[in-house]
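Structure first, then comments.
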There are 2 protein chains.
Amino acid sequence: MTRDLTIAEVRLTPILVADPPLLNTQGVHQPYTPRLIVEIVTADGTTGLGETYGDTKYLELARPLAERLTGRSVMDVNGLFAIDLGVDESRVQGEVDAGGLRGVQSADKLRLSVLSAFEVACLDAQGKALGLPVHALLGGRLRDAVEYSAYLFYKWAGHPEGVAGEKDDWGAALDPAGVVEQARKFKERHGFTSFKLKGGVFPPDEEIAAVRALAETFPGHPLRLDPNGAWSVETSLKVARELGDVLEYLEDPTLGTPAMAEVSAGTGIPLATNMCVTTFGEIKEAFTRDAVQVVLSDHHYWGGLRNTQRLAAICAAFGVGVSMHSNTHLGISLAAMTQVAATVPGLHHACDSHYPWQSEDVLTERLTFRGGKVEVSDAPGLGVELDRDELARLHRRWAEDDGSLRDRDDAAAMRVAEPGWRQPVMPRW
Amino acid sequence: MTRDLTIAEVRLTPILVADPPLLNTQGVHQPYTPRLIVEIVTADGTTGLGETYGDTKYLELARPLAERLTGRSVMDVNGLFAIDLGVDESRVQGEVDAGGLRGVQSADKLRLSVLSAFEVACLDAQGKALGLPVHALLGGRLRDAVEYSAYLFYKWAGHPEGVAGEKDDWGAALDPAGVVEQARKFKERHGFTSFKLKGGVFPPDEEIAAVRALAETFPGHPLRLDPNGAWSVETSLKVARELGDVLEYLEDPTLGTPAMAEVSAGTGIPLATNMCVTTFGEIKEAFTRDAVQVVLSDHHYWGGLRNTQRLAAICAAFGVGVSMHSNTHLGISLAAMTQVAATVPGLHHACDSHYPWQSEDVLTERLTFRGGKVEVSDAPGLGVELDRDELARLHRRWAEDDGSLRDRDDAAAMRVAEPGWRQPVMPRW
């Protein structure tokens with residue numbers, strides 16, 4: 001074969017993508033959120049795509065890494081993870097990331113979050129070069145579509161006055177009726193049949209009422225509630241008692257493995273997490289203590305698609321369920337999530353995705369949800385194509401930003417509307 | 001691409017391969033041991049090779065499976081493991097396999113032991129068709145050679161009189177001097193620098209003396225002792241005390257996770273196993289109880305190379321070491337072991353292999369150990385080629401056997417020399 005899979009060039013493009021004013025316990029989404037688009041080009045001209053967080057600290061690690069990849073083979077993804085990115089432990093120590101929404105920050109997690117985009121880009125390039133879908137490189141798909149859940153958020157109708165940002169047509173959702181209306185739109189537009197409400201925004205009773213309203217409007221539909229660790233053990237147990245009959249699982253009701261284990265011991269509702277188990281190093285304690293029953297993998301911070309498969313295998317061996325978490329992301333990552341999810345046996349819960357909230361993307365063709373599912377592409381690689389004009393436009397937005405939006409800060413975004421807002425002390429309730 | 005990766009034909013060839021009179025706690029190796037060679041041929045004529053146990057119960061499951069594979073893609077290895085082989089649970093219940101040397105028999109393990117050969121054959125075919133080594137399909141190699149340990153056995157000079165069998169030039173090894181002499185030959189012929197003694201054959205004091213003699217002759221060389229669960233907890237702890245200063249690890253001193261956990265709690269020597277953790281279902285209890293510190297994977301019964309990677313990931317997450325176990329096997333399996341071992345991070349112990357004991361093989365070119373290591377092939381697939389004449393010769397031996405050797409039975413082989421021999425009741429000491 002004349003194929004040359006040597007990496008000839010790596011292109012990094014930081015962008016800012018429009019994000020609606022979605023509320024969470026830390027604050028509100030900024031009008032634009034940073035993402036990094038990675039392109040790995042092989043000597044024979046194949047381009048692989050990857051996507052990850054675009055905040056400064058990720059860019060700082062991605063840039064020197066990109067330079068070191070030239071001359072390596074795109075096949076060598078195991079070797080990729082052996083590269084020392086030189087993450088400064090002391091800088092990361094005790095730091096939180098997006099207000100802690102992604103769990104504890106650690107050098108390892110930061111490293112993996114950067115590497116994941118390069119791994120996905122390598123797999124995309126491999127697939128394109130070999131004429132195989134990424135799922136085939138991961139052992140082959142076990143299903144032809146992957147189910148996602150509607151990701152409901154309390155939200156404002158628009159970003160605060162005087163703040164730049166794109167308009168959205170979802171309207172406000174600040175009470176049970178608003179949440180139900182949003183769910184209805186999600187179902188109508190994308191066919192979702194399970195719903196997750198991002199909680200931790202209002203006092204628990206209001207959120208309990210919202211979930212109750214969803215249960216009444218959509219009987220039999222799996223429901224989840226995720227306050228991002230905003231509750232005490234006591235509050236978590238109270239919510240579990242009150243919603244025990246309608247919740248598929250309760251997600252990160254409280255912070256940290258010991259507290260989660262306490263909640264777990266006191267309720268029959270499964271606990272899911274993307275905050276107390278976010279790295280391989282956190283698994284042992286959590287599983288040994290039966291602190292969580294479902295791990296929500298995020299291929300960005302677990303370190304790519306093969307690591308997601310590894311995580312799924314660990315969960316399976318311990319009888320822990322697995323599904324997928326999502327932060328704001330674009331179509332490259334949705335394609336990657338779908339490809340790997342298709343290969344995971346025992347994926348019993350619909351995956352999360354912010355994608356329906358993203359009005360912008362860098363693909364020539366958006367991915368679509370039908371019946372709440374994304375079809376698993378059998379096209380080579382991830383099966384998506386970059387829209388260079390759109391990439392350039394979103395990069396210009398990043399380049400022209402004064403720096404205030406280049407690092408996601410939901411608390412800062414909240415202060416625009418509520419000047420006295422501070423990062424809340426947990427547990428809030 | 002015009003490549004067609006559809007499976008057009010699957011050929012199964014049971015064979016009998018020469019095996020020296022190696023002793024273990026159950027008896028002695030038969031003069032010939034059954035193996036099954038699997039060839040998967042794609043529509044474009046690529047042939048992938050696999051190898052597994054050849055006993056009747058494996059053949060019975062492999063035959064209908066082979067017929068069901070036609071028309072599937074060799075890329076679809078995840079789907080392979082979703083095939084229901086219809087293993088009869090009741091038949092397997094309580095059954096032992098090779099006298100229990102491979103741990104508890106279970107329907108799942110039997111199923112995986114069959115599937116593993118097909119998975120390896122699929123990966124070999126994939127690699128050949130795509131022009132890539134198997135390790136590249138597994139994410140790429142992390143090292144250019146894989147280290148193996150010398151697998152020392154107590155043995156007779158030859159099989160009992162009147163028994164067919166091939167001669168070997170290793171001589172007898174029935175005492176410390178014999179074991180040291182054998183180790184010397186291993187080092188001379190293959191360059192091994194670590195030694196494992198298969199124990200459980202003689203009373204513990206004799207085996208302690210043999211290990212002591214090895215330690216004196218080869219100072220600084222990692223040493224292991226594996227009595228296949230022949231000892232009580234008390235005896236295990238006594239051996240651990242007496243050999244604590246020279247053993248790298250103690251392998252399966254006693255049977256079952258509870259007893260292993262007891263030994264583990266009472267000694268600082270790491271415990272390794274290929275008997276109490278042999279399936280994914282056995283991991284949780286063993287790891288939660290800290291019963292073992294090293295799992296010796298065997299890709300045959302763990303279900304292939306991707307499952308071996310999964311097992312390694314589980315071990316890594318729990319801080320448990322990983323290395324590789326071996327039963328009598330040929331070069332296809334050694335190549336497969338080497339390819340996957342090359343991709344496993346943190347492989348801190350030399351792998352086991354019976355290969356030096358096998359004077360026969362079905363390859364055109366034998367694999368070689370240099371400095372105790374096997375070089376990781378970068379040739380397409382496993383990098384080995386089938387010797388059809390030799391395959392046919394070893395198959396004739398199987399076809400002409402009256403059935404007495406088609407199912408490995410070390411106790412039966414022992415009864416030829418010691419008519420009163422029965423499968424020992426454990427613990428023996």
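Being a predicted model, the structure only gives us computed values, none of them experimental.
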How far does CE of B:Met75 sit from CG of A:Leu130, to the nearest 0.5 angstrom? 8.0 Å

Among [options], who wins on heavy-atom pairs under 4.5 Å with chain B?
| options | value |
| --- | --- |
| A:Leu123, A:Ile314, A:Val77 | A:Ile314 |
| A:Ala82, A:Ser73, A:Ala313 | A:Ala313 |
| A:Leu311, A:Asp76, A:Leu5, A:Thr279 | A:Asp76 |
| A:Gln309, A:Arg306, A:Arg310 | A:Arg306 |

Checking an interface table here. Which of residues 336-349 of chain A come within a heavy-atom distance under 4.5 Å of chain B? A:Thr343

Sub-4.5 Å heavy-atom contacts with chain B: which residues of residues 132-142 of chain A show up?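 From residues 132-142 of chain A, the residues near chain B are A:Leu132, A:Ala136, A:Leu137, A:Leu138, A:Gly139, A:Gly140, A:Arg141, A:Leu142.
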
Around atom CD of A:Gln293, are there more than 12 heavy atoms from other residues, nucleotides or ligands closer than 6.0 Å? yes

Determine whether A:Phe318 and B:Phe287 satisfy the following criterion, side-chain contact (heavy atoms from CB on, under 4.5 Å), listing intermediate values before the conclusion. CA-CA 10 Å; A:Phe318 280 77; B:Phe287 285 15; 4.2 Å; yes

A:Asp124: partners by salt bridge (charged side-chain N to carboxylate O under 4.0 Å, His left out), with sequence neighbours left out: A:Lys128

Can you list the residues that meet the side-chain contact (heavy atoms from CB on, under 4.5 Å) rule with B:Ala259, with sequence neighbours excluded? B:Val233, B:Thr254

